[in-house]
Amino acid sequence: MDFELNEEQRLFRQTLREFVDKEIVPVASEWERAGRYPEEIVRRFAQLGLFGITVPEEYGGLDLDRVSFALVFEEIARGWMGVAGILGSHSLSTWMIAEYGTDEQRRHYLPDLAAGTRRTGIALTEPGAGTDLQGIATRAVRDGDHYVVTGTKTWITNARHADPLPVLVKTSIETPAHRGMSVLLVDAASEGLTVSRDLPKLGYKGTETCEVVLDGVRVPASRLLGGTEGRGMQQVLSALELGRLNIAARAVGVAQCAYDAALGYARERHAFGQPIAGFQAIQLKLADMATDIQAARLMTYWAAVRSEAGPVRSEAAMAKYFASETALRATMEAMRIHGGYGYSQEFVVERLYRDAPLMAIGEGTNDVQRLIIAKALVEGDATLGW
């Protein structure tokens, strides 16, 4: 049992850390307040090969091991969680194309997606269907060698830059519903595909989050992911396991940033003739934060390692649940340690406090994660320990 990163992973983390500290941390708060899209950071993602982290090497990707995958999101979210989302949705989608796509789909899309000359996302949620994906209303009706797609998707990251945009649709009305669900790869230039609006958000800024309307969009049947109808729910649920590792790692990065800020402030801020780090009340907060963050990090890496061998539905749910709750607590405690300054936009903890709640909601709410964990335990699909 080895709790250390290997040499390659350490070097990779160091490269990421230097990039984040030099090129993301100095601009994150200013650009976030300005609502500025981080084009320069996106270009650097491409130069570093980060758009190819889940793409096989034969298509030009890095094909990272899962711990290194987690390190990408931990380090980038430590600098700015919003820009980590640009890579998050993209990487989930590229993994799905690599895992389930036809040979032609892989050849057509993956090289450009790995290089960052194309980007992608994923369109699952609808105004009337979030957690209950089987309740989606978007329909795709076969018409010759095309599908005609009609519906609305919401909370779509990378919506304006996704080409293709994988869209979860109902290709038939089946009981149970998942048997009639499929994923279509919709090209950005498709007539009838419209980004109708940007959604205003508390945090998670830096990347666009949009509503997308599909009004009679004609999608070639060759763009049915995997080439077989009725596999969409299975494909999406498998991808969401990877997505939950991504969210867990982002939560660890946000929590780590909150802790670093709180510790630094506590050492510098004086009250009653001494640094506030000397007060037991502050020390107890720091101890709790540090313990939770290290536990969340180890759980995330554990789930990542397990995922190399196969499905990790309960492990990914545990990691995402625990790490996101840790981020919520850590950002709140960091704000309390900062006192009034924590409420100011001049200090980073205000942004972290706004970003943290998304991790408790995204890729399935934490209540849903608890139900996934409980079901796996009751049915014997998961056990505690090794």
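Counting from 1, the numbers follow the sequence of the chain as shown.
Residues Asp65 and Ser68 form a side-chain contact, since some pair of their non-hydrogen atoms from C-beta on lies under 4.5 Å apart.
Distance alone, capped at 3.5 Å, is enough to place a donor-acceptor pair between the Ser238 side chain and the Gln234 backbone. Checked by atom type and distance alone, the side chain of Glu241 pairs as donor or acceptor with a backbone atom of Val312 at under 3.5 Å. Within the 3.5 Å criterion, the main-chain N or O of Ser314 finds no donor-acceptor partner in the side chain of Lys375. Remark: side-chain polar atoms of Asn158 are paired, donor with acceptor, to backbone N or O of Ile86 under 3.5 angstrom. Between the side chain of Ser182 and the backbone N or O of Gly230, at least one donor-acceptor pair lies under 3.5 Å. Under a 3.5 Å cut-off, the side chain of Ser93 and the backbone N or O of Ser89 do not form any donor-acceptor pair. A donor-acceptor contact shorter than 3.5 Å links the side chain of Arg33 to the backbone of Gln345. Between the side chain of Thr94 and the main chain of Ser91, a donor-acceptor pair closer than 3.5 Å is present. Between the Arg106 side chain and the Ala98 main chain, a donor and an acceptor come within less than 3.5 Å of each other. Checked by atom type and distance alone, the side chain of Thr102 never pairs as donor or acceptor with a backbone atom of Gly226 at under 3.5 Å.
Between the side chains of Gln294 and Tyr259, no donor-acceptor pair is found at a separation under 3.5 Å. Looking at Arg17 and Gln14, their side chains never bring a donor and an acceptor atom within 3.5 Å of each other. When only modelled atom types and interatomic distance are considered, Asn366 and Lys320 share a side-chain donor-acceptor pair under 3.5 Å.
Residues satisfying the side chain to side chain contact (heavy atoms under 4.5 Å, CB included) test with Asp288, not counting sequence neighbours, are none. Under the side chain to side chain donor-acceptor pair (under 3.5 Å) criterion, Thr209 pairs with Lys201, not counting sequence neighbours. By the side chain to side chain donor-acceptor pair (under 3.5 Å) test, Thr331 is found to be paired with no residue, residues two or more places apart in sequence or in another chain being considered.
Heavy-atom contacts from other residues, nucleotides or ligands closer than 6.0 Å to CD of Glu308 number more than 12. Enclosure of atom CZ in Arg267 is not indicated, since only 12 or fewer non-hydrogen atoms of other residues, nucleotides or ligands lie within 6.0 angstrom.
Taking both residues in full, the closest heavy atoms of Glu39 and His161 are given as OE2-NE2, 4.4 Å, listed atom of the first, atom of the second, then distance. The two residues Leu92 and Gly243 come nearest to each other via the heavy atoms CD1-CA, 3.8 Å. Shortest non-hydrogen contact noted between Ala249 and Thr300 is N-CG2, 3.9 Å. Nearest heavy atom pair, residue Gly121 against residue Pro166, reads O-CD, 3.0 Å.
Clustering of Ile, Leu, Val, Met, Phe, Trp and Tyr side chains at separations under 4.5 Å places Met332 together with Met335, Tyr343, Tyr353. Annotation for Ile372: hydrophobic cluster partners, listed by chain and number, are Val368 (ILVMFWY side-chain heavy atoms under 4.5 Å, direct or chained). Trp155 belongs to a hydrophobic cluster whose remaining members, ordered by chain and number, are Leu199; membership requires side-chain heavy atoms of ILVMFWY residues under 4.5 Å apart, directly or through intermediates.
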**OP:** Carefully, step by step, assess Gln47 and Arg44 under the rule side chain to side chain donor-acceptor pair (under 3.5 Å).
**Re:** CA-CA 5 Å; Gln47 292 167 2; Arg44 289 291 287 134; 2.9 Å; yes
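In this pair, Tyr265 and His338 present their aromatic rings parallel. The plane angle is below 30°, not in the 30 to 60° band.
Checked against a 6.0 Å centroid threshold, the rings of His108 and Tyr59 do not count as neighbours.
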